[in-house]
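Notes follow the structure.
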Amino acid sequence: MRVLVPVLTKNAIDKKVAEVARKISDDYKGKDLVLVGILKGAFVFMSDLMRCLTVPVKLDFVCASSYGTGTTTSGNIKLTKELGLDIKGKDVLIIEDIVDTGLTLAYIIDYLESFGPASVKVCALLDKRERRKAEIKIDYSCHVVGEGFLVGYGLDYAEEYRNLPEIYHLKL
Ligand code: IMP
Ligand code: MG
């Protein structure tokens, strides 16, 4: 039986998103900011975050897949949608839903660096540190979470639960 245990309420999520958006707005004043969201999981977070920003911003997405239908990354990352915008000389901020092993982000940072941006930084809604394999600097993070598989607010298990407004621990 699957059980959903509440982890973060909408109110807790919204407060942190607004706080991180204020920091990003301060840090990127006068810069050429491009947000690059990692699909599919980051789209809910990104849509809330970008509407709290007070600096001009452009958006793009890449789609990374590595999971299949399980709960651990295979480490074999594939891009099923590549970058569309020209980011040469731009300040890129990657928007990710959750960093677990860090392998997805390490791959995407390398991929984006190859286009010659002025900077590449990372903003993640959730930082799950226990299984980290790649040393990733998360420049802006909203919540540090413990072990366990989380769903809701864009995060899925086998494509389900993305539409839940709050974040839950899925017990299988
Ligand atoms: P990593 O490569 O192990 O850091 O995995 C990162 C990707 O796996 C994220 O972009 C998520 O889409 C997915 N992921 C990792 N942990 C979870 C989780 O607890 N729930 C849902 N998706 C997760
Ligand atoms: Mg993801």
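In each ligand, atom 1 is the first atom listed, and ligand 1 is the first ligand listed.
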Closest by any non-hydrogen atom to [atom]: pick that one out of [options].
| atom | options | answer |
| --- | --- | --- |
| atom 4 (O) of ligand 1 | A64, A106, S65, G102 | G102 |
| atom 1 (P) of ligand 1 | T101, L170, V7 | T101 |
| atom 10 (O) of ligand 1 | E96, R162, K128, K40 | E96 |

Would you call [X] a ligand 1 contact, heavy-atom distance under 4.0 Å?
| X | value |
| --- | --- |
| I38 | no |
| D97 | yes |
| D156 | yes |

Ligand 1-proximal atoms of D100, by part, heavy-atom distance under 4.0 Å: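 It is both backbone and side chain that touch ligand 1.
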Side-chain donor or acceptor of R132 paired with backbone N/O of D127 under 3.5 Å: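 No: the side chain of R132 does not pair with the backbone of D127.
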Side chain K128, main chain G148, donor-acceptor under 3.5 Å: yes
In plain terms, say whether [X] and [Y] are close enough for a salt bridge, that is, a side-chain N and a carboxylate O under 4.0 Å apart.
| X | Y | result |
| --- | --- | --- |
| D14 | K10 | yes |
| K16 | D48 | no |
| K81 | D60 | yes |

Check: L150 N/O within less than 3.5 Å of ligand 1 N/O: yes
Partner of L49 by side chain to side chain contact (heavy atoms under 4.5 Å, CB included), out of V57, L125, I95, V44: I95
